[in-house]
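Start at 1 with the first residue, then count along the sequence. Predicted, not measured: the structure shown is a model, and the values here were computed from it.
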Amino acid sequence: MSKEFEIVREFEVDATPEEVWEAVTAGTGGYLWPMEPPEPKAGGRGPFGSTVTAWDPPHRYTNRSEDTGMPAQPLNQLDHTIEPRDGGRRAWVRYVHSGIFTDDWDNQYDGANRHTDFYLHTLREYLTHFAPRPVTFSTLNGPEASTAPDALAAVGRALGLTDGDAVGARVSVRGPRPFEAVLDYRDEYFIGLRTDEALIRFFGRNHWSAPIGLSVHDFAQDADAEATGAAWQAWLTSAFSTGSRS
């Protein structure tokens, strides 16, 4: 049965309204995934065939899709309101994701709601630590075994995280190669790692009967998306191979 949804978040960030605007319109690869920038006018073409319904830089940007091509979500709208704070040195942001879900509404809403918090946290990390540096983006999924109920916990163990590692801690990570990172996000659904050169995000989509997801936002000048993706794919496969999840 079709049912409308609305997810609303408000936050402040140590970035100017102009920097936030650039991130949500042209710099989405830094915190979400790369998208073609919207046509800069109301009525213009937005990402994934959406329509720009509000365009007032750097204060208001809205895009709306009424034919998403996804039967489970026939209507989708993203609205951003941005206001200056502290004389324009900081920004206040109101983000509203709304639309219609038609199938397994509670599960779809739960997934969208929790992903919103993680994506917006990553946006703040990007704005605070990396913007406007160019990004190389990699994304991949774990094997079928990563749909298990304890899959994200297994990822944490494979990374070398302990139960005592709290958000904000500096940790030694067992990735494709060992590296140091800040554990910038951690709950039962997501893990976020920040290095001097990258944001590495793990998505516990096993909670929604899907494989673990992984994205790497790499800001190093010599970043190689293909090599990074291959290395992390091999790591994920190994993390869920027989006998490796104890």
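For P58 against E18, the heavy-atom pair with the smallest separation is CG-OE2, 3.9 Å. In terms of heavy-atom proximity, F203 sits nearest to S215 at CE1-OG, 3.5 Å. Nearest heavy-atom pair, S50 versus P47, reported as atom, atom and distance to 0.1 Å: OG-O, 2.8 Å. Among all heavy-atom pairs drawn from N206 and P149, the shortest one is ND2-O, 3.1 Å.
Side chains of R205 and H115: a donor on one and an acceptor on the other come within 3.5 Å. Donor-acceptor pairing under 3.5 Å is recorded for the side chains of S172 and E180. Checking H97 against D79 by side-chain atom types alone, no donor-acceptor pair falls below 3.5 Å. In this model, no donor atom of one side chain and acceptor atom of the other lie less than 3.5 Å apart for R89 and T16. Checked by atom type, the side-chain pair N63/R45 shows no donor-acceptor distance below 3.5 Å.
Between the side chain of E125 and the main chain of G192, no donor-acceptor pair closer than 3.5 Å is present. Although no hydrogens or angles enter the test, the distance criterion places no donor-acceptor pair under 3.5 Å between the side chain of T51 and the main chain of T53. Judged by distance alone, with hydrogens and angles left aside, the side-chain atoms of T28 form no donor-acceptor pair with the main-chain N or O of V24 at under 3.5 Å.
Between Y95 and H80, the two ring planes are perpendicular [angle over 60°; tilted spans 30° to 60°].
The CZ atom of F130 sits 11.0 Å away from atom OG1 of T122, with the distance rounded to the nearest 0.5 Å. Atom-to-atom distance recorded for E36:CD and F48:CZ is 10.0 Å, nearest 0.5 angstrom. Rounding to the nearest 0.5 Å places CD1 of I212 at 9.5 Å from CG of N141.
Counting heavy atoms from C-beta on, the side chains of P134 and F219 never come closer than 4.5 Å. The shortest distance between side-chain heavy atoms of H217 and R201 falls below 4.5 Å. Counting heavy atoms from C-beta on, the side chains of I82 and W92 never come closer than 4.5 Å. L120 has its side chain within reach of T116: a pair of non-hydrogen atoms, C-beta onward, lies under 4.5 Å apart. A heavy-atom distance below 4.5 Å is not found between the side chains of T62 and V52. When side chains are defined from C-beta on, W21 counts as touching Y61, because their heavy atoms get closer than 4.5 Å. By the 4.5 Å heavy-atom criterion applied to side chains, P211 and T147 are counted as neighbours. With contacts defined as side-chain heavy-atom distances shorter than 4.5 Å, the pair V93/T81 does not qualify.
L152 and L140 fall within the same hydrophobic cluster, defined by Ile, Leu, Val, Met, Phe, Trp and Tyr side-chain heavy atoms under 4.5 Å apart, directly or through other members. Follow the hydrophobic side-chain contacts under 4.5 Å out from Y189 and you never reach I7; the two are in separate clusters. Cluster annotation: V167 is not connected to V173 through the hydrophobic network of ILVMFWY side chains, with a link wherever side-chain heavy atoms come within less than 4.5 Å. Hydrophobic clustering of Ile, Leu, Val, Met, Phe, Trp and Tyr side chains at less than 4.5 Å, counting indirect connections, keeps V96 apart from L123. In terms of hydrophobic clustering, with Ile, Leu, Val, Met, Phe, Trp and Tyr side chains grouped at heavy-atom distances under 4.5 Å, V155 and V171 are assigned to a common cluster.
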Task: side chain to side chain donor-acceptor pair (under 3.5 Å) between D196 and H129, intermediate numbers included - done: CA-CA 9 Å; D196 292 340; H129 298 283; over 6 Å; no

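A cation-pi arrangement, defined by a distance under 6.0 Å to the six-membered ring centre and an angle within 45 degrees of its axis, is present between R124 and F11. A cation-pi contact, defined as under 6.0 Å to the ring centre and within 45° of the axis, is absent between K41 and W55.
Between F240 and W235, the ring centre distance reaches or exceeds 6.0 Å.
Under a 4.0 Å N-O distance rule, the pair D165/R170 does not qualify as a salt bridge. By the 4.0 Å N-to-carboxylate-O rule, E10 lies close enough to R94 to be salt-bridged with it.
Residue F190 forms a ring-ring contact (aromatic ring centres under 6.0 Å, His included) with just one option from F118, Y119, F202, and that option is F118.
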